[in-house]
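One-based numbering along the sequence shown.
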Amino acid sequence: MGHNRNSGPSAARRRESAAALRERPSAKVLIIGGGINGVGTFRDLALQGVDVALVERGDYCQGASGASSHMIHGGIRYLENGEFRLVQESVVERNRLLRIAPHYVKPLQTTIPIFSTFSGILSAPMRFLTHKQGKPKERGAFLIKLGLSMYDFFSRDGGSVPRHQFRGREKALAELPRLHPGIKYAATYFDASVHNPERLTLDVLQDGEKAGIGGGLPGGTARASNYVSLVSMDGAADAAGTVRLRDELTGAEFDFQADVIVNTTGAWVDLTNEAMGAASAYMGGTKGSHIVLDHPGLLEACNGREIFFEHTDGRIVLIYPMGDRVLVGTTDVYADMSEDAVCTEAEVDYFFDLVGHVFPTIAVDRSHIVYSFSGVRPLPRHDATQPGFVSRDYRIERSERPAPGAAGAPGGKAAVVLSLVGGKWTTFRALAEHLSNDVLQELGMDRKVSTAKLAIGGGAGFPASEEGVQDWIKKHMGPGLDAARVAGLLTRYGTRAETVIAYLNAGDDTALRSTRELSVRELEFMAEHEQIGHLVDVLIRRTSLAFRGLVTGELLNEIAAALAGPLGWDAAACEAEIRHAQEVLRRFHGVTVHSLVA
């Protein structure tokens, strides 16, 4: 769920997603939190035929799920933590996502520049045993080679990526000539990336909604709404599991009852439990920030590879080409949950320093930054453990909430609350399966369907080769849809683009003047099918326009005008949405967009 960084003015309107919850205010299971783990659990339960509902205080994938490093990876550095189960699960899930979500998850060639041979051999065992030592010594080639060999071992079953390779200085510099000339080796291996985590989350959600259509219940057996928050567990109904919910776009409040409540609010798990009247102390999240650069020189220096390395402070960091931009991250610092997570000036300086560490001849300054973002990792409480050594694994905490006034009554029924502590992007499908199995056990139900081989959304039938992609594009071209436009739709929706194209062709359409990537009818499609709550949702989570630094005042005006009809915005609401988008971009992403609003 997380902090509602997109709360802001919006005209009152009837929203079908929230209305479906109000009209039948009960379900067997209520999931609170619409990040990837909550949404993944929603899909899994819906596929089992469970009557499930999900609410998210902000937009889907708005919190930590939308502030990731955009990697789907096995977590090579978790080997040093001794988290072998997590590494094995992560590698298996990475390979699985490459197969079931090929429209968004792609192989990622990764290179580690190495500056020494044996460094860290003596200090590594102590770090492994304690996780609390001071600044670690640099990991040399021997340790990295050992780690990558273990990584390959975990990938041996069902692996779809090549094994690692080591290069000496001369060959490494031939492949990446802008690397620091002082390197001794470069190790290259493959992980995977997800360039559209927000849209992958939306695909997972829509799979769940589709699975719940019908089911003999009003609104179906799988209902989800963004911009609906948990107020308290002091609902008016004298029944266990009754919570008070609020529609953040209209202000309307209503009670909702469920037998099992699943708390997947990430770093806010403890605060959510407190709102339900049972404070907990499970979480100890750390903040991670990133910057996005428009820097052709750095992009060229990466040569299509992620550069993944240990900075001088021992922190594992990355430089990652994404399209025509470069992502640089990430930090790992204490998170004050009373403050908004934003990228600070000190973190920006840190990023510039790490770029200079491996590419000393490439100058980077603030003029190259087009976007920044920050999130709080949903890590377990870690006390004295260094942030980098805090487990990225997950656990599920169970508790019970008796009905109001019925505590201690013989045979009194209590609602079960399952709180998710931890979790990472790569393992969301396996985590959701685990969490769903716990829910099914509470309900006395059996699993009907496995998601292990089930294609996600627009990954079904996605072309397996570049030739296949080009054939798909040619097949779907037509009036008003040239190759570039169709390619953009395929990138944004996967094979679900067929549905979008049919919608576009069903009426008169007009491309926006400020970008060729969107049209009026596509925005109407998003408003009708993708639960748009605010204009800024389109900029950050339905498209990558903000991420790439392509938001202008004209774009804001055009999108607001296109959404006004389907979302019921009058002139005042459009202006409020534009100003709200400007504020969110400025405050949370370091982007200033000059207004065209009078």
R178: partners by side-chain hydrogen bond (donor to acceptor under 3.5 Å, both in side chains), with sequence neighbours left out
T361
Residues in salt bridge (charged side-chain N to carboxylate O under 4.0 Å, His left out) with E274, at least two apart?
none
Mind checking side chain to side chain contact (heavy atoms under 4.5 Å, CB included) for H290 and listing every partner two or more places apart, or none if nothing turns up?
S69, L327, T330, F373
D294: which residues meet the salt bridge (charged side-chain N to carboxylate O under 4.0 Å, His left out) condition with it, sequence neighbours left out?
R325
Just to verify, what does R429 make a side-chain hydrogen bond (donor to acceptor under 3.5 Å, both in side chains) with, not counting sequence neighbours?
E93, E433, T451
For L418, side chain to side chain contact (heavy atoms under 4.5 Å, CB included) partners two or more places apart
V260, I396, R398, V416, L435, D438, V439
Salt bridge (Lys or Arg N to Asp or Glu O under 4.0 Å) pairs touching residues 280-289, sequence neighbours excluded, are K287-E347
side-chain hydrogen bond (donor to acceptor under 3.5 Å, both in side chains) filter on H180, not counting sequence neighbours, yields none
Return the set of residues passing side chain to side chain contact (heavy atoms under 4.5 Å, CB included) with E397 (not counting sequence neighbours), or none when no residue passes.
Y282, R395, S419, V421
Output all residues satisfying side-chain hydrogen bond (donor to acceptor under 3.5 Å, both in side chains) with R366, sequence neighbours left out; order by chain, then residue number.
E345, D349
Residues that E198 engages under side chain to side chain contact (heavy atoms under 4.5 Å, CB included), provided they are two or more places apart:
C61, R541
Applying side-chain hydrogen bond (donor to acceptor under 3.5 Å, both in side chains) between D59 and each of Q531, R542, H534, report the one that passes.
R542
Is any NZ, NE, NH1 or NH2 atom of the basic residue among R377 and D332 found under 4.0 Å from an Asp or Glu carboxylate oxygen of the other?
yes
Taking T331 for the side chain and S289 for the main chain, is one N or O donor matched with an acceptor at less than 3.5 Å?
yes
Taking only residues at least two apart or on different chains, which pairs with a member in residues 60-72 satisfy salt bridge (Lys or Arg N to Asp or Glu O under 4.0 Å)?
none
